[in-house]
Amino acid sequence: MSVFKSFVPKTAGLFGLLFFLFTSSAAIAQQGRTVADFDKGWHFHLGDVTGGEKASVSDANWRLLNLPHDWSIEGKFSKDNPATPEGGALPGGIGWYRKTFTVPTASKGKLVYIDFDGVYQKSDVWINGHHLGFRPNGYISFRYELTPYLNFGGKNTISVKVDNSVQPNSRWYSGSGIYRNVWLVTTNKVAIDHWGTYVTTPEVSQQEAKINLQVKVKNKDGASAITIKTVLYDAAGKAIAGAGAIVAKANEGDSVINAGQVFILKKPILWSVNNPYQYKLVTQVVKNAKVLDEYTTPVGIRYFNFDADKGFSLNGQPMKILGVCDHHDLGSLGAAVNTRALERQLQMLKAMGCNGIRTSHNPPAPELLDLCDKMGFIVMDEAFDCWEWKKATFDYHLYFKEWHKKDLEDQVLRDRNHPSVMIWSIGNEIPQQGDTSALRIAPELAGIVHSLDKTRPITTANDRPDTSNKIIKSGAIDLIGYNYHEFDYAKFHDRYPGKKFIATETTSGLETRGHYDMPSDSIRVWPSRYDKPFTDGNPDNSVSAYDNVRPAWGSTHEATWKVMKKYDFLSGMFIWTGFDYLGEPTPYSWPSRSSYFGIIDLAGFPKDVFYMYQSEWTNKTVLHIFPHWNWQVGKTVDIWAYYNHADEVELYLNGKSVGIKKKTGDDLHVMWRLKYEPGTLKAVSRKNGKVVLTQVIHTAGKPAKIELIADRKNIKANGSDLSFITVKILDKDGNVVPDANNLVNFKINGDAFIAGVDNGDPVSHDSFKVNYRKAFNGLALAIVQAKEKAGIVTFSATSKGLLPAVITIQTKH
Ligand code: GAL
């Protein structure tokens, strides 16, 4: 397959775009760069292959697939898998990938690279049998140059060995394989280098912004004089300013040309979380009036500050970072990155009022940062979960000494142009906090970051944020990061006079969506990370969803937020976690295999506490009462309401008022305690006596029918777009049956397939990659992925004894 026929321009810029739209002639392609989507048509073999890189070893019987791919998510859960339940209990192993492709003769004289956004882990890459390199870090992006080893005009084979056999090597589910995108980049001999631009906005006001651009051009063409021109475009694509073209003279033997350009922009539109406005800089490298390269750098113009007393401000406006921590897995899709799945997560978090993401505890997929730029999230971009001392037996500590410099540099070079990135974290809960080696390592890491970017503060996430902490003592970090210890926040300035604070990690509330234990008003604490799992937990490994269960080091959502609200100097927080993730099933262990920490479950269904945040963090008018109304007659049941924009909530049971409740002091919810009788619960919120919102919950009858709700009914026929279909089990009157666990079978017709199924149950061992799912507490999820042909997709759901349901989804070009 010719790589020049199927490419998708990524950073080709305006010039490149015109080229792609109007011509397919490879001759013109040679004037600039092409960034080809290289995800399609890989052969995969699970297991080791001796000489897998050699042409003599055939891949004819290997499975054909498209990347991104995570083989672990296709496997079977077992407590005996080396990942352990802490790592998601799915298999690891060794896998081989191969792709054969043609490079046109016309590309001779050009430079060709392969870019991997992430391979988990310990990858070896060969081109035509030549070993290009080994990369142990499974979360880092990397490039190899292919040029010297290519057959121009002929066939070429890339082979990749991935070794995730020795586990545990992350404290959460990692996934296995080439789980992020791969690109084939072709440039001229004189071209902007890999991650070769760096944009900063050193002076910004409402009146004027100064934009600095540094450009690094790789010159493999010997002596030549080149011109580097850059034009600034607004979001509508209008050229608004050009930097004086810089004539950069390369001397013989020069391999790198660095150029600096400055733009002054009047009345800039600033990037913010509510208006994430982006400009772009399009840089051309020109020689003898010929454009040799073109490269687009997105720009968000903003300024921010962390103040020791006043906390965080963005563009001069005080605000708190209201963030969540998330791991990288996408539930039933595993670690295989999918832009729409990421976007859906961010949309849900936005709806909750969240404005920050911590990429715990590793560099994220580049698509996540692109989305954060576009959607307005503040990112804490984290590098490591350990340094030289281990946390999981075979984790990155084995590679830290040899690789930390390269990995950290690559992370900063890749991510430093993202306006969303505002904090670098060089480590999470590093065991060496208590050891003098931190006095050496922390300054070294901070130095690496600051040598490449001085515009953002550096932090570490400290679980021992006391004054004996050697990382803090080293003076290397700009923001003192607290993991938990919210009871100590008030003493921060006594401990660290004049220092700046960030709550790098908070909360760790535990909940199972839709499960409620009574009473709700006593806090249950799981004693310690090192203890045996909950001995007095529920036999089905469920955890009550009243925001009253937490591990010893954590706190409930409400307790944390109450403290966080109180003090201005607390610049922000990152809650553990936004979404449930695979692995770390605290407070249980096997048979549980995924976490209980999320505000939203693994399938993407919000737990009740989502609405507490929504009532506090957004302007949306909220009234949310829970639990469901299906209990044993006479049982004492607590009913909670989260609400805002109202003075009071009145609750009615079967038409009779059971009382008006008002939040007082720092309350974040109100509660009624009732003896259950079936019927209808109705809550009414009122302000100045006027009804604001009403919510009704009926006792549900037996499961009678299925309802299907697609988040999007029109999706792109691009091979990767997704429609997330919520499956509800309803009684005959349309109420969700809160404990329904019916097995639902799915059928799909048309050019799409089921990419994953789930129900949010952390204990289920059913495969994510089948066409059926049991409901869990009334809900299940099916994810439909488009193929590349446009058309109508019919998705239907059946279940024994229930009325079936069907919906159609349109896929379009
Ligand atoms: C933190 C840690 C996280 C996660 C969390 C669970 O201490 O940084 O990675 O393990 O605990 O509560």
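Residue numbers start at 1 and run along the sequence shown. In each ligand, atom 1 is the first atom listed, and ligand 1 is the first ligand listed. What you see is a predicted model, and the numbers here were worked out from it, not measured in a lab.
The distance between the ring centers of Y642 and F626 falls below 6.0 angstrom.
With H327 as reference, W576 is the one residue of F597, Y173, Y139, W576 to meet the ring-ring contact (aromatic ring centres under 6.0 Å, His included) rule.
Checked by distance only, ligand 1 and R171 come closer than 3.5 Å through their nitrogen or oxygen atoms.
With contacts defined as side-chain heavy-atom distances shorter than 4.5 Å, the pair E382/T359 qualifies.
Within the listing of ligand 1, atoms 4 (C), 6 (C), 10 (O) sit less than 4.0 angstrom from a heavy atom of E584. Every atom of ligand 1 with a heavy atom of Y484 under 4.0 Å away is listed here by number and element: 1 (C), 5 (C), 7 (O), 11 (O), 12 (O). Close contacts between ligand 1 and S508 involve ligand atoms 6 (C), 12 (O) [criterion: under 4.0 Å to a heavy atom].
For D463, the heavy-atom gap to ligand 1 stays at 4.0 angstrom or more. At a 4.0 Å cut-off, at least one heavy atom of W553 sits close enough to ligand 1 to count as contact.
Counting heavy atoms closer than 4.0 Å to ligand 1, residue N428 contributes side-chain atoms (C-beta onward) but none from N, CA, C or O. Looking at W172 against ligand 1, nothing comes within 4.0 Å, counting heavy atoms.
Taking 4.0 Å as the cut-off between side-chain N and carboxylate O, R171 and E429 do not count as a salt-bridged pair. Under a 4.0 Å N-O distance rule, the pair K491/D494 does not qualify as a salt bridge.
Listed by first and then second residue, the salt bridge (Lys or Arg N to Asp or Glu O under 4.0 Å) pairs involving residues 537-548 amount to none (not counting sequence neighbours).
Nearest to atom 9 (O) of ligand 1 by heavy atom, out of H361, E86, H327, E429, is H361.
Remark: W590 engages H765 in a ring pair (Phe, Tyr, Trp, His ring centres under 6.0 Å) (not counting sequence neighbours).
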